[in-house]
Every structure is written in structure tokens, then in C-alpha cells.
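Structure first, then comments.
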Amino acid sequence: MRRHIFIAAAICFMTPAYAHNGVKDPDVMARMMSMEQIGAAFKTLVSMAKQEVPLHQAKARMARDTIVIQSGKVSALFMNGATDPKSEALPAIWDDWAAFTAKADKLTQSAQALDFTDRAALADTLGAVGSACRACHKPYRAKKK
Ligand code: HEC
């Protein structure tokens, strides 16, 4: 059951490359690039969990580390409230700052809890990571225009 949840989440978050094209504000660009790295790392883990590629321990751990490190930067990257017409960040982020950063912490924790013992263990623990993406994007990221 949980496996279906993360697969659905993966589909939602695999936005086309270069979603940040045309962004002028450098701080908005920086936080989008960080999210892109999170997105790419998540995608790597999903393809291993779905057995599209073999579970490669070193690559899987690197992807996990990317998510842990980048999710740890969320509050620094969003703090100044930079805006750009291309940004999908909603004002609720700054109205609701503690709740927003708590969502980032949740992502860090779920990535730290990933289990790489085998593909099934990865699939089981990756569901919580997908949920952490969704739990933040839903209230704080605008839908694609
Ligand atoms: C703490 C909140 C939060 C969490 C957790 C989070 N995101 Fe995001 N994400 C955002 C916000 C806000 C934006 C929009 C930023 C903007 O446009 O200024 C975004 C944008 C993105 C983008 C688009 C970047 C671009 O170039 O425009 C991708 C891809 C993405 N997130 C993937 C993920 C994935 C995958 C996860 C989970 C592994 C995740 N995010 C978890 C808040 C979050």
C-alpha cells in the first residue's frame, strides 16, 4: 500500500526540467536549484525502489545525503522572502514560518530514516519522504499555471 503512495507522489513532483527558466531574482533561483537537487535525488531513489535501476548503495546514500543537506537549508534559503514572478512559493510560508520550517525538518527526518537494506526496505521507507514533499507543497507551493 505504502509503495503506491510514493509512486503517486513521485509523479506529482517530477516537474519538467528547467521549471526555473526565466527567474531573475538570485535568491529565488537559489532556493529553486536546491529544490531541483532534492527532486533529482528523490527521483533516483524512486527508480531504485521501483527497480527501474538496481539498488546501488553508494548512489542511494548520496541521494539521501543530498535530501538531508538541502532540506536543512530550507529556512536559510527562504528566510528573506524573496519574490519573482516565476516563483511558486506562496505567501503563507512567511505568515506561517514555524509550521513551514517544521515541514522541512520532517523531510530531513524522513530522509534520515531511509533503509537501504534491500529494495523492499527502501520502497517502504521512501513513502514517508514522498509524504513530506506533499505535506509542504500542498499548503506552500502554488499549482502549476
Ligand atoms: C518545507 C517545504 C518543502 C518541502 C518539504 C519540499 N518542498 Fe519542494 N518546493 C517548496 C516550495 C515552497 C517550492 C517553490 C519555490 C519557488 O518557486 O520559489 C518548491 C519547489 C520544488 C520544485 C521546483 C523547483 C524549480 O526549479 O522551480 C521541485 C522539483 C521540488 N520542490 C521537489 C521537491 C521534492 C521531490 C520534495 C521531497 C523530497 C520537496 N520538494 C519537498 C517547498 C518544499
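FYI, the numbering just counts along the sequence from 1. Just so you know, these numbers come straight off a predicted model, no measurement behind them. In listed order, ligands and their atoms are each counted from 1.
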Please work out, at 4.0 Å between heavy atoms, whether the side chain, the backbone, both, or neither of A132 comes within that distance of ligand 1.
backbone

In ligand 1, the atoms that come under 4.0 Å of a heavy atom of C136 are 1 (C), 2 (C), 3 (C), 4 (C), 5 (C), 42 (C), 43 (C)

Look only at interatomic distance and state if K86 has a nitrogen or oxygen under 3.5 Å from any nitrogen or oxygen of ligand 1.
no

Does even one non-hydrogen atom of I67 get within less than 4.0 Å of ligand 1?
no

Please work out, at 4.0 Å between heavy atoms, whether the side chain, the backbone, both, or neither of K43 comes within that distance of ligand 1.
neither

If we only count N/O pairs under 3.5 Å, is K103 in contact with ligand 1?
no

Is there a chain of hydrophobic side chains (I, L, V, M, F, W, Y, each step under 4.5 Å between heavy atoms) that links M32 to L90?
no

Atoms of ligand 1 close to Y140 [distance to a heavy atom under 4.0 angstrom, numbered from 1]:
12 (C)

Of the choices M33, Q70, Q37, E36, which has the non-hydrogen atom that lies closest to atom 26 (O) of ligand 1?
E36

Any idea which part of F100 is under 4.0 Å from ligand 1, heavy-atom wise: side chain, backbone, both or neither?
both

Would you say F42 and L126 make side-chain contact, with heavy atoms under 4.5 Å?
yes

Only distances under 3.5 Å count here; give the side-chain donor-acceptor pairs of residues 97-104 to other protein atoms, sequence neighbours excluded, each with its distance to 0.1 Å.
unit_1	atom_1	unit_2	atom_2	d
T101	OG1	W97	O	3.3
T101	OG1	A98	O	3.1

Please tell me whether M48 and F116 are part of a single hydrophobic cluster in this structure, the criterion being side-chain heavy atoms less than 4.5 Å apart.
yes

What residues form a side-chain contact (heavy atoms from CB on, under 4.5 Å) with T66, not counting sequence neighbours?
Q37, A41, Q70

L45 to A63 - nearest heavy-atom pair and separation
CG-CB, 3.8 Å

Out of all atoms in ligand 1, which are within 4.0 Å of some heavy atom of A104? Include the element for each.
1 (C)

Sub-3.5 Å donor-acceptor pair from the side chain of S47 to the main-chain atoms of K43, do we have one?
yes

Hey, does the side chain of D84 reach the backbone of D25 with a donor-acceptor pair shorter than 3.5 angstrom?
yes

M35 side chain near V74 side chain, heavy-atom distance below 4.5 Å:
yes

Between ligand 1 and E88, is the shortest N or O to N or O distance under 3.5 Å?
yes

Subset of ligand 1 atoms that lie under 4.0 Å from at least one heavy atom of G39
35 (C)

For I93, state whether at least one heavy atom is located under 4.0 Å from any atom of ligand 1.
yes

Is R141 touching ligand 1 with its side chain, its backbone, both, or neither, if touching means heavy atoms under 4.0 Å apart?
side chain

How about K106 and S131: do any of their side-chain heavy atoms sit closer than 4.5 Å?
no

Take atom 8 (Fe) of ligand 1 as the vertex and measure to SD of M35 and NE2 of H137; round to 10°.
180°

